[in-house]
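Sequence positions, counted from 1, serve as the residue numbers for this chain. Being a predicted model, the structure only gives us computed values, none of them experimental.
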Amino acid sequence: VNNFLSISPMLYRVYTSSPELADIVVIYWYSPIAANLYKEQLYATPLFEGLVFNFANLVESRESEGRIMSMDKTAYILGQTRSYTRISGCHRNGGYIIGVRFTPLGLAKITGINMTHLTDHAIDAEDVWSGEMKLLYEAMDEAKSIESSIAVLENFLKNRRRIVRVDSRLHTVAAAISIMERNRGNLSCQMLQGLTNTTKKTMERNF
């Protein structure tokens, strides 16, 4: 939210994840959208990896590096962004948006996808979880409250986490990230390789 700017003000409410998903989810967020509101979001880089559900019948336009993408699906997976991004659109009937902000390895852990393929891209969540998104969207939409809707979403993520086989390289990267965070980045690559028992090339490939 700190790198978020908007021509039309948007309200956000954030929710923490359960301890079981602490290494997957940073926060869940909810934003109500007024009818006939035109909004333009200007994102600096890097933009978080996320999952966004549109309950506002919104058609948005996403522009990055001169590429324009029309976003008219009910749910999108957002990959890491390396460039300036503008997302704009108009909500004709009002509604709300629910999103997930993932940890650096969170999305990879629940999809099994090499995140390099999603860099600078937003894709229809149905392309990753074919047949599951429609049911999930309907269950979230029918929930009696936003909290209940997020609980439905969290149960889905927990199930995905149990099913997906994690690439062994993620364990090395997770260990390296933990070490870097504890040291606030104040260590050399050579020290990091020694602490994770890897070579320079192995560490680069893993990341």
Side-chain angles (χ1 to χ4, degrees), residues 1-4 6 10-34 37 39 41 43 46-60 62 69 71-81 85 87 89 91 93-115 117-118 121-167 170 174:
V1 177
N2 290 334
N3 64 356
F4 172 88
S6 178
M10 293 180 66
L11 300 175
Y12 279 88
R13 191 184 305 163
V14 299
Y15 301 83
T16 57
S17 69
S18 65
E20 183 180 340
L21 291 179
D23 64 323
I24 302 289
V25 175
V26 177
I27 56 168
Y28 300 100
W29 56 270
Y30 156 79
S31 178
I33 305 296
L37 170 70
K39 68 180 184 65
Q41 303 168 54
Y43 292 101
L47 178 64
F48 61 85
E49 292 180 345
L51 172 62
V52 177
F53 292 85
N54 168 22
F55 295 97
N57 295 318
L58 169 70
V59 177
E60 288 185 315
R62 183 179 191 271
M69 174 183 179
M71 299 176 66
D72 57 355
K73 308 299 183 183
T74 56
Y76 279 90
I77 291 176
L78 308 175
Q80 185 60 266
T81 301
T85 302
I87 300 179
H91 303 254
N93 302 313
Y96 60 94
I97 297 173
I98 290 177
V100 185
R101 178 172 181 170
F102 292 108
T103 62
L105 300 177
L107 196 49
K109 289 180 179 179
I110 62 169
T111 63
I113 295 175
N114 183 332
M115 289 296 102
H117 302 314
L118 291 182
H121 288 290
I123 63 172
D124 184 356
E126 185 70 21
D127 292 341
V128 176
W129 295 306
S130 178
E132 296 181 76
M133 280 296 97
K134 185 175 185 296
L135 295 175
L136 175 59
Y137 183 89
E138 291 175 350
M140 291 174 64
D141 195 28
E142 293 170 0
K144 295 181 179 180
S145 66
I146 297 302
E147 290 78 8
S148 297
S149 185
I150 290 175
V152 171
L153 172 57
E154 182 156 84
N155 284 333
F156 170 82
L157 297 178
K158 287 178 180 178
N159 290 332
R160 294 306 311 172
R161 198 250 178 84
R162 297 180 189 120
I163 293 171
V164 174
R165 294 183 61 185
V166 176
D167 189 312
L170 287 183

*Asks:* Under 6.0 Å between the ring centres of Phe53 and Tyr76?
*Replies:*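 No, too far apart.
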
*Asks:* Would you give the length of the straight line joining atom CZ of Arg101 to atom CG of Leu107, rounded to the nearest 0.5 angstrom?
*Replies:*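 It comes to 13.0 Å.
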
*Asks:* Report the distance from atom CZ of Arg161 to atom CD1 of Ile110, rounding to the nearest 0.5 Å.
*Replies:*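 Result: 9.5 Å between the selected atoms.
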
*Asks:* Drop me the distance from Leu153's CG to Met140's CE, to the nearest 0.5 angstrom.
*Replies:*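 One gets 4.5 Å once the value is rounded to the nearest 0.5 Å.
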
*Asks:* Show the numbers, then the answer: is there a side-chain contact (heavy atoms from CB on, under 4.5 Å) between Leu157 and Val25?
*Replies:* CA-CA 9 Å; Leu157 297 178; Val25 175; 4.0 Å; yes

*Asks:* Sub-3.5 Å donor-acceptor pair from the side chain of Ser31 to the main-chain atoms of Ile97, do we have one?
*Replies:*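 No; zero donor-acceptor contacts below 3.5 Å.
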
*Asks:* What are the two closest heavy atoms between Glu126 and Lys134, and how far apart are they?
*Replies:*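 Distance-wise, the nearest heavy atoms are OE1-N, 3.9 Å.
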
*Asks:* The criterion is side chain to side chain contact (heavy atoms under 4.5 Å, CB included); which residues satisfy it with Ala143, sequence neighbours excluded?
*Replies:*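 Scan of Ala143 (side chain to side chain contact (heavy atoms under 4.5 Å, CB included), adjacent residues dropped) gives Ser148, Ser149.
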
*Asks:* Output all residues satisfying side chain to side chain contact (heavy atoms under 4.5 Å, CB included) with Ala125, sequence neighbours left out; order by chain, then residue number.
*Replies:*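 Ala125 satisfies side chain to side chain contact (heavy atoms under 4.5 Å, CB included) with Leu51, Ala75, Ile77, Trp129, Met133 only.
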
*Asks:* Working to the nearest 0.5 Å, report the span between CZ of Arg13 and CD1 of Ile98.
*Replies:*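 So the gap between those two atoms works out to 10.0 Å.
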
*Asks:* How far does CG of Asp124 sit from OG1 of Thr74, to the nearest 0.5 angstrom?
*Replies:*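 Between atom CG of Asp124 and atom OG1 of Thr74 there are 6.5 Å.
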
*Asks:* Mark yes or no for whether Tyr137, through its side chain, and Asn54, through its backbone, hold a donor-acceptor pair below 3.5 Å.
*Replies:*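 Side chain of Tyr137 to backbone of Asn54, a donor-acceptor pair under 3.5 Å: yes, one is there.
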
*Asks:* In terms of side-chain geometry, is the basic nitrogen of Asp127 or Lys73 positioned less than 4.0 Å from the acidic oxygen of its partner?
*Replies:*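 No, this pair does not count.
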
*Asks:* Would you find a donor on one side and an acceptor on the other, under 3.5 Å apart, between the side chain of Gln80 and the backbone of Leu118?
*Replies:*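 No, the answer is negative, given that no donor and acceptor are paired below the 3.5 Å cut-off.
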
*Asks:* One thing to verify: whether Arg160 and Glu132 come together as a salt bridge, which I'm taking to mean a side-chain N less than 4.0 angstrom from a carboxylate O.
*Replies:*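 So Glu132 pairs with Arg160 through a salt bridge.
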
*Asks:* Of all residues at least two apart in sequence or in a different chain, which pass the side chain to side chain contact (heavy atoms under 4.5 Å, CB included) check with Glu154?
*Replies:*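 Expected list: Ser17, Ser18, Leu21, Tyr28, Lys158.
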
*Asks:* Do Tyr30 and Val14 have side chains that approach each other closer than 4.5 Å (heavy atoms only, starting at C-beta)?
*Replies:*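 Tyr30 vs Val14: side chains apart.
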
*Asks:* Less than 4.5 Å apart, any side-chain heavy atom of Phe55 and any of Asp141?
*Replies:*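 A side-chain contact exists here, since the closest heavy-atom pair is under 4.5 Å.
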
*Asks:* Please examine the side chains of Val128 and Ile113, heavy atoms only from C-beta on, and report whether any two atoms are closer than 4.5 Å.
*Replies:*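 When only atoms from C-beta onward are counted, Val128 and Ile113 do touch, with a gap below 4.5 Å.
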
*Asks:* Might you point out which heavy atoms bring Val152 and Leu136 nearest each other, and give the distance in Å?
*Replies:*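 Reported closest heavy-atom pair: CG1-CD1, 3.9 Å.
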
*Asks:* Mind checking the NZ-CG spacing from Lys109 to Asp167? Nearest 0.5 Å is all I need.
*Replies:*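 The NZ atom of Lys109 sits 12.0 Å away from the CG atom of Asp167.
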
*Asks:* Return the minimal non-hydrogen interatomic distance between Thr103 and Asp23, and the atom names on each side.
*Replies:*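 Smallest heavy-atom distance, with atoms named: OG1-O, 2.6 Å.
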
